[in-house]
Number of protein chains: 2
Amino acid sequence: MIIETIDYNKGMVVIIDQTLLPNNEKFLNLRTLNEVAEAIRSLRVRGAPAIGIAASYGMLLHLDTMLRTESVDNPEYIFDREVGIKPFSFPDISIDEIRNCLWEAKKRLEVTRPTAINLFYALERMLSVFDTEEEDPRRLCELVAREAFSIHAEELETEIKIGENGARYIKDGMNILTHCNAGGLATAGYGTALAVLYTAKKEGKEFLVYADETRPLFQGARLTAWELEKNGIDVSVLCDNAAASLFAAGKVDLVIVGADRIASNGDVANKIGTLGLAILCKAYSKPLYVAAPLSTFDINIADGNDIPIEQRSGGEISYFGKRRIVPENVNIYNPGFDVTPAEYISSIITEKGVIENPGRGKIASFIRD
Amino acid sequence: MIIETIDYNKGMVVIIDQTLLPNNEKFLNLRTLNEVAEAIRSLRVRGAPAIGIAASYGMLLHLDTMLRTESVDNPEYIFDREVGIKPFSFPDISIDEIRNCLWEAKKRLEVTRPTAINLFYALERMLSVFDTEEEDPRRLCELVAREAFSIHAEELETEIKIGENGARYIKDGMNILTHCNAGGLATAGYGTALAVLYTAKKEGKEFLVYADETRPLFQGARLTAWELEKNGIDVSVLCDNAAASLFAAGKVDLVIVGADRIASNGDVANKIGTLGLAILCKAYSKPLYVAAPLSTFDINIADGNDIPIEQRSGGEISYFGKRRIVPENVNIYNPGFDVTPAEYISSIITEKGVIENPGRGKIASFIRD
């Protein structure tokens, strides 16, 4: 099942509001660049690949808004997945004005979430249309639209390949632990870590999944459990701190997670708590798999020490619903991510294939070859 | 500072309702055995030593209720810390009736929480008055009261000794991680793990404490942070899953926790999440200290496999305040405790001294000698 996590439709970025799941399956129509940036910042749309798609659509929306405002036709919207640009009186706009519009969008979007590289990858890719040296403003705008729709479509193909490449690791009768949400909601709709499980399920394999609730925002309890249950996969939720007990009870055969950024030495930044699971895998001799598209790799970064880690608001921890649970005047430590050294990772599963033992310096050649 | 966690006053068991902290410092007057049992079950009073004291006072309350009901004086209450039994017309009650009354209380209390051995230790100790073969009902009842008040007073002395015995491990400038609440609220009022910190603070040492929030009921965020802040100790709260990140950042010099039951080989049952911290300590070569009174040891149990682990309600995890966060039809795994093998523990700090490397079979001789 492909989840309709995000779409660009009639001049709006349409997302399912992930902060309201699982209780309320509400779709939001984002009509401005600022609304898209706010939705990313507040995790209404989250997950590294989904953030990338949202950012590219945010740029497209900003351009759509400028063009239709400047046009004498005053159309409802301009960009369309089927035709690229709908017929209308294209305004008298220069290449530089288009560039400024997209730069403005990039500046607004790139400050939303610092850790996931996919955000920056998508923004750069959108700007790559200027490398074509297309001099016709209308045709250039069409290229922008094609790029955004391509990022989304390619991401979905990528996820299906990740599922195919990883499913071999899932055997009948296994108990599988995952963390946070690396499913359709985090991506173009199929997932990374969960894509592997979906493909294994399609192949007829039966297995049990344990989902860490994933404090502070409960992406495991709310999102992963929701997705897996909808897909007919048997899932149990546990507190993050119960994972060690699960290993000790012999109920974990493997751990599979997604990634927000992978350094060139194979170190993986992912949702806070992943490092703890990696250390448990080592202690109990169980494999840890990371499933991520190539767009998650940052070969400009030597190792995990250079990955910027988002420090999120203490308010995510100090309140339980509307009730204050941490006393006033008490400090909060709330990093959004941690870095798992490459040597803890058994394999990284990508659309291009699998990197086994990524700690052994094989990332650069794998990506290049 | 000694916290007024629990008291027996004017025929009532008085507790601070820990489920309402830190927002609301409300004391409850428990007037019946059932109210005491409910308070233990629902964690209004919690922590292994405090559960033991509450249980002994619950027995005393049940006897107090029977005696005053049967007395022609119909007094407001009977047992008193200062005088033992207040002057009143002692009813015509047999030794067997006293025994039945206390047995009834024991049966009701022993099903509240299965893991903490202190509960069973306190109940057995209350019944030990029958070993005296005292044949006068009034004097026997006075022995019951003396026993309950002694359990409480001795526990407090024990905690002060634990603080003194453990403070040597705390050095100036250290960063210390703790889990759940092993402080005054969990005990007679001074603590076990936190007693060590309080004594170190009194000795003039300066250090920083990190408190795991401790899902699902946030004893670290709500109770440990509240206690430490009241005592002028610098404390930061983090999600349980951020502990690995804290170790990786070099911000943990040692971990200190309490215990709910210690097997004769040194395996320690403590709040869920302790095992994960133990594995992190090993991975990062940091010491793990367990602070617990001798009443926490269960020498009738060979190892941690035989410690009963309380499985708590899924509702503690599936709701966030009033909001459902785990979808319907999804399973919940919610053990209240885990077992840390003795070999992960650097030292167990007791009132009698310190057991270093408890994994090396020294528990029985330490307790006996």
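Each chain gets a letter, A, B and so on, in the order its sequence line appears, and its residues count up from 1.
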Could you have a look at [options] and say which one has the most heavy-atom pairs with chain A under 4.5 angstrom?
options                               : result
B:His179, B:Arg215, B:Arg323          : B:Arg215
B:Leu238, B:Leu246, B:Ile272          : B:Ile272
B:Pro22, B:Ser318, B:Ala244, B:Pro341 : B:Pro22
B:Asn329, B:Asp338, B:Asp234, B:Asn23 : B:Asn23

Between chain B and each of [options], count heavy-atom pairs under 4.5 Å; write down the option with the most.
options                                : answer
A:Val235, A:Leu228, A:Ile325           : A:Ile325
A:Gly273, A:Gly321, A:Pro327           : A:Pro327
A:Ala221, A:Pro335, A:Ala243, A:Gly314 : A:Ala221

Query raised in the report: What is the minimum heavy-atom distance between A:Lys201 and A:Phe207, and which atoms define it?
Result: N-CE2, 3.9 Å
Checking [Y] against [X]: is there a side-chain donor and acceptor pair closer than 3.5 Å?
X        : Y        : value
B:Asn334 : B:Glu316 : yes
A:Asp17  : A:Asn24  : no
A:Asp212 : A:Thr214 : no
A:Gln18  : A:Arg46  : yes

Run the side-chain donor-acceptor check on residues 274-285 of chain B: report pairs under 3.5 Å with partners two or more places apart or on a different chain.
from     : atom 1 : to       : atom 2 : distance (Å)
B:Thr274 : OG1    : B:Asn270 : ND2    : 2.9
B:Thr274 : OG1    : B:Lys271 : O      : 2.7

Please flag which part of [X] lies under 4.5 Å from any non-hydrogen atom of chain A: side chain, backbone, both or neither.
X        : value
B:Lys251 : side chain
B:Phe320 : both
B:Leu21  : backbone

Report task. Determine yes or no for a side-chain-to-main-chain donor-acceptor pair under 3.5 angstrom, with A:Asn175 supplying the side chain and A:Tyr210 the backbone. Result -> no
**Report entry** Heavy-atom side-chain contact between B:Trp226 and B:Asn181 under 4.5 Å
**Finding:** no
Report task. Could you check if a side-chain atom of B:Glu213 sits within less than 4.5 angstrom of a side-chain atom of B:Asp240, using non-hydrogen atoms only? Result -> yes
Report task. Quick one: sort the B:Tyr198 and B:Tyr190 rings into parallel, tilted or perpendicular, breaks at 30° and 60°. Result -> tilted
Query - Contacts of residues 257-269 of chain B with chain A (heavy atom under 4.5 Å) - result: none
**Report entry** A:Glu25/A:Lys230 ion pair, N-O < 4.0 Å
**Finding:** yes
Query raised in the report: For A:Pro216, is it the side chain, the backbone, both or neither that has a heavy atom under 4.5 Å from a heavy atom of chain B?
Result: both
